[in-house]
Structure formats: C-alpha cells, structure tokens
Amino acid sequence: MLKKGSKLYSILTGTCPRCQKESMYVDQNLLHITNCIKMNENCSHCGLKYQIEPSFFYGAMYVSYGLNVAIGIAAFIITSVIFKMELKWAFISIIANMVILFPIVMRLSRSIYINMFVSYEADFKK
C-alpha cells in the first residue's frame, strides 16, 4: 500500500513528489512548532522547486479546510455519539483536536496540494 512511487507514499512521508528521495521540510520533528512548516526551496536530488509559483501554497488552505472539517466531524461523532457526552464537551473536543493536530494538518495539506500538480518520475535525471 505504501510503496515508493505512489502519491500516498509521498503525502504521508512528506517527501519530494517527483523523486521521493528527500523530505520537503527542513525539520522532521513536528514538535518544533516554529520550524514545522518550513520547507526546503528545492529537492537536492531532482532539483524540483517546491514553490512552483509565487504564493503556490495558498491553495493548500482549501485542502487544510477540508481536513479540519473531517477532523471536526470525527471528533463530534466520537464525543457525542459514541461517548454520549454533552454538546459542550463535543465542541471542546473539536477545538482541542484542531489545535493539537495543527502541525500535522498543515504538512499534510501542503503535501496533498503539491502532489496534485507533480507526479512521480522513477527515472528522472537532473
């Protein structure tokens, strides 16, 4: 399922969508909040420029919105339907999940967005 060459591999690992040999991000640790979304400018293996055009990753905000809606719905269903808690606790759960998962959602949304435009090329030469 997670084989090199698939878009899912590139999205979940945060690697270059063209060669999948290098991480797009400067810091691999998501707990370093100040560096969690800082990206390299180019891939050192294939030379892909990550910011394809100025303000390219503004489009990732739409992907981020979709991911946050999915997280919010999941948190609401788990809290109110499965655990049968009050509505107040469901909303607290939604907000807590969105705050805690912020770095993951930002990286995933950027990875998903760039993978919409760049495909894997196994034999790409620089």
Side-chain angles (χ1 to χ4, degrees):
M1 182 170 135
L2 247 182
K3 293 181 182 176
K4 195 170 196 175
S6 70
K7 293 222 181 252
L8 189 60
Y9 176 83
S10 178
I11 290 169
L12 294 179
T13 58
T15 55
C16 172
R18 185 188 292 160
C19 69
Q20 296 182 354
K21 292 184 179 175
E22 179 185 83
S23 176
M24 294 189 299
Y25 300 97
V26 174
D27 192 355
Q28 299 300 315
N29 192 346
L30 286 170
L31 297 177
H32 298 152
I33 300 298
T34 56
N35 293 331
C36 74
I37 60 172
K38 287 187 181 175
M39 298 180 72
N40 295 317
E41 290 194 28
N42 298 328
C43 176
S44 65
H45 292 278
C46 68
L48 174 69
K49 185 176 179 184
Y50 294 129
Q51 189 152 351
I52 297 170
E53 60 186 30
S55 306
F56 174 72
F57 286 109
Y58 281 141
M61 290 189 302
Y62 296 104
V63 177
S64 175
Y65 175 76
L67 291 173
N68 279 318
V69 167
I71 290 169
I73 290 171
F76 179 79
I77 289 172
I78 290 169
T79 308
S80 63
V81 176
I82 295 175
F83 291 120
K84 297 183 183 354
M85 295 180 151
E86 296 177 21
L87 192 60
K88 172 180 71 172
W89 291 108
F91 285 118
I92 290 172
S93 170
I94 291 169
I95 292 168
N97 278 302
M98 287 186 184
V99 169
I100 292 168
L101 296 175
F102 170 75
I104 296 170
V105 169
M106 286 302 297
R107 280 196 179 189
L108 274 178
S109 64
R110 285 183 174 201
S111 293
I112 291 170
Y113 193 69
I114 196 167
N115 273 281
M116 288 181 193
F117 299 100
V118 180
S119 296
Y120 177 71
E121 298 176 27
D123 56 349
F124 184 82
K125 301 291 182 204
K126 198 173 192 182

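Residue indices begin at 1 and follow the sequence shown.
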Are the side chains of Y50 and C16 in touch, meaning some heavy atoms are under 4.5 Å apart? yes
In one Ile/Leu/Val/Met/Phe/Trp/Tyr side-chain cluster, 4.5 Å: V26, I114: no
Within a 6.0 Å radius of atom NZ on K21, are there more than 12 heavy atoms belonging to other residues, nucleotides or ligands? no
Same apolar cluster (I L V M F W Y, side chains within < 4.5 Å links), Y25/L8: yes
So do S80 and L87 actually touch side chain to side chain, heavy atoms under 4.5 Å? no
Does any N or O in the side chain of R107 come within less than 3.5 Å of the main-chain N or O of C36, such that one atom is a donor and the other an acceptor? yes
Linking I/L/V/M/F/W/Y whenever any side-chain heavy atoms sit under 4.5 Å apart, do I73 and I95 land together? no
Any side-chain heavy-atom pair of Q20 and S6 under 4.5 Å: no
is_close_aromatic(F56, F117), centroid dist under 6.0 Å: yes
Short question: side chain of S64, backbone of A60 - any donor-acceptor pair under 3.5 Å? no
Just so I know, are the side chains of S119 and K7 near enough to count as touching, which here means a heavy-atom distance under 4.5 Å? yes
Taking the six-membered ring for Trp, is the centroid-to-centroid distance between Y58 and Y62 below 6.0 Å? no
Evaluate the side-chain proximity of V105 to Y65: yes if any heavy-atom separation is below 4.5 Å, no if none is. no
Sidechain-backbone polar pair: E22 side chain, C46 backbone, donor-acceptor under 3.5 Å: no
Non-hydrogen side-chain atoms of L48 and C19 separated by less than 4.5 Å: no
